[in-house]
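The structure appears below as structure tokens.
Within every chain, numbering begins at 1; the chains are lettered A, B, ... in the order of the sequence lines, protein sequences first and strands thereafter.
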2 protein chains.
Amino acid sequence: MARPETISRSDLLARLTGVFRSVGYEGASLALLARETGLAKAALYHRFPGGKEEMAHAVLNDVGRDMAVTVLRRLDGAGSPRQKLSAMRDGVVEFYDGGKLSCLADLFSVEGVPDAIRSPLAGGIHAWMAAIARVVEQAGVGPDEAVRRAEDAVVRVEGALVVSRALGSAMPFHRTMERLVDDLLA
Amino acid sequence: MARPETISRSDLLARLTGVFRSVGYEGASLALLARETGLAKAALYHRFPGGKEEMAHAVLNDVGRDMAVTVLRRLDGAGSPRQKLSAMRDGVVEFYDGGKLSCLADLFSVEGVPDAIRSPLAGGIHAWMAAIARVVEQAGVGPDEAVRRAEDAVVRVEGALVVSRALGSAMPFHRTMERLVDDLLA
DNA sequence: GTCTATAGCCCGATAGAC
DNA sequence: GTCTATCGGGCTATAGAC
């Protein structure tokens, strides 16, 4: 733990993530990113020579890894389909802090955000839907219907986050999460 | 029709709406707004002395009126609940151009957008949910369940728009719209 | 690897002629 | 009611000392 004045890359990424996830890509000015990380702008450029776009890309990768651990991984391995889907739902609630955090697929998919940031979003969403569909199929649902339900589940999560943010209340998100598993297995 | 070089307020609002709805509040620079309307920045300030914030507010009011006509009004008057909800769904498809347009409740609810713009969003969403719930109740569904389904319908519309935008495909939106009415009346 | 200072540009907003 | 020209400031990004 030498040089305690040097912030670790994971701490730094967590701070950057917090900014991008609350104000979006265009709202995340370098001044704000510097203030929230405690670093000078030049120090941020030392760590991310590509500037804001590279920071957003790193944040996207980091959030993707976090999502893989907190949400996707819970759909793997042993356990009944209901157990795994319930574990995923708990992971979703944790990942979005009970509906208080926005999804990067929402904030980063807006026109004007660089394509290098927007393009990877589709893959993440497809991976999530595919992982859900696989477990729903394990519950005995036909492949096409499983894919349809998985898409609907992701649609509901994204929509619940938007509605909760616009209403300033986490209740729509929690009500949506309450029914997510039952509707996938209905 | 004197002075054809003067753009009408409704045409002007439509152009402004197009910009805000595609790039969001922070992405809508005055240079872009001026370019898309064909007016100089100073001319925009003549019509909207409050600047960008007043333009966004006017756009919000205009889109709200459009939504009231294209979506909400179809839930009133005669017809069976299914007929009215189907008409609303068709209005939603039209209003969001088959899933290609974003919802202002999504774009304008992000942190950093002025409160005067963010605050009115909640009322619009509540009004929409209430109008749906009223028709679902007319179909014989209990009040609490009707409110729950109405919230879920709005959640699905918002989520389908986000997922479609992030995937670059209108298919999730259309699949969601296909099932909207049946699920409200199930 | 961090900092201060600053370049150069685009931002929102305004002055003033027509 | 429109325009050109411009202001002050915040933006992304960089230079260079330590």
Side-chain angles (χ1 to χ4, degrees), chain A residues 1-20 22-60 107-108 110-118, chain B residues 1-20 22-60 107-108 110-118:
Chain A
M1 59 180 60
R3 299 178 61 90
E5 72 277 19
T6 298
I7 187 174
S8 76
R9 180 171 169 97
S10 65
D11 279 1
L12 177 54
L13 270 176
R15 304 279 191 130
L16 296 177
T17 298
V19 176
F20 279 111
S22 67
V23 302
Y25 185 83
E26 319 222 40
S29 71
L30 285 188
L32 182 58
L33 292 164
R35 183 161 61 83
E36 294 299 310
T37 57
L39 289 178
K41 286 186 272 184
L44 283 175
Y45 273 92
H46 178 79
R47 310 261 196 133
F48 304 94
K52 181 171 158 175
E53 186 169 332
E54 185 177 342
M55 295 180 216
H57 204 86
V59 161
L60 202 53
L107 298 175
F108 281 2
V110 178
E111 204 170 306
V113 175
D115 279 350
I117 305 297
R118 295 176 65 182
Chain B
M1 59 180 63
R3 300 178 61 89
E5 73 276 17
T6 298
I7 187 175
S8 75
R9 179 171 170 98
S10 65
D11 278 2
L12 177 54
L13 270 176
R15 305 278 191 129
L16 295 177
T17 298
V19 176
F20 279 110
S22 68
V23 302
Y25 186 82
E26 319 222 38
S29 71
L30 285 188
L32 182 58
L33 292 165
R35 183 161 61 82
E36 294 299 310
T37 57
L39 289 178
K41 284 189 273 185
L44 283 175
Y45 272 93
H46 177 77
R47 311 257 196 135
F48 303 95
K52 179 170 158 175
E53 186 169 331
E54 186 178 340
M55 295 180 217
H57 204 85
V59 160
L60 202 52
L107 298 175
F108 280 3
V110 178
E111 205 169 306
V113 176
D115 279 349
I117 305 296
R118 294 176 66 183

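- The nearest whole Å value for the distance from the CZ atom in A:Phe48 to the C1' atom in C:dG1 is 13 Å.
- Between A:Lys52 and A:Ile117 the shortest side-chain heavy-atom distance does not fall below 4.5 Å.
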What string of B, S and - do you get for nucleotides 12-18 of chain D 5' to 3' if you count protein non-hydrogen atoms under 4.0 Å?
BBBB---
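- Applying the 4.0 Å criterion to OP1 and OP2 of C:dG1, one finds that A:His46 has a side-chain N or O inside that range.
- Under the rule for a side-chain contact (heavy atoms from CB on, under 4.5 Å), the partners of A:Ser8 that lie at least two apart in sequence or sit in another chain are A:Ser10, A:Asp11.
- Here the P atom of nucleotide C:dC11 and the CE atom of B:Met55 are 13 Å apart, to the nearest Å.
- For the pair B:Arg47 and B:Met55, the minimum side-chain heavy-atom distance is 4.5 Å or more.
- Ranked by how close their nearest DNA chain D nucleotide is to the 5' end, A:Leu32 and B:Leu44 are led by B:Leu44.
- Scanning both residues, B:Glu26 and A:Val23, for their nearest heavy atoms gives OE2-O, 4.1 Å.
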Just distance, no hydrogens or angles: give the donor-acceptor pairs under 3.5 Å from side chains in residues 30-45 of chain B, sequence neighbours left out.
{"unit_1": "B:Thr37", "atom_1": "OG1", "unit_2": "B:Leu33", "atom_2": "O", "d": "2.8"}
{"unit_1": "B:Thr37", "atom_1": "OG1", "unit_2": "B:Ala34", "atom_2": "O", "d": "3.2"}
{"unit_1": "B:Thr37", "atom_1": "OG1", "unit_2": "B:Leu39", "atom_2": "N", "d": "3.4"}

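- Distance from the side chain of B:Ala40 is smallest to D:dC3 among C:dC3, C:dT2, D:dC3.
- Nucleotide C:dA13 holds its P atom 11 Å from the CD atom of B:Glu54, rounded to whole Å.
- Using cut-offs of 30° and 60° on the angle between ring planes, the pair A:Tyr25 and A:Phe108 is perpendicular.
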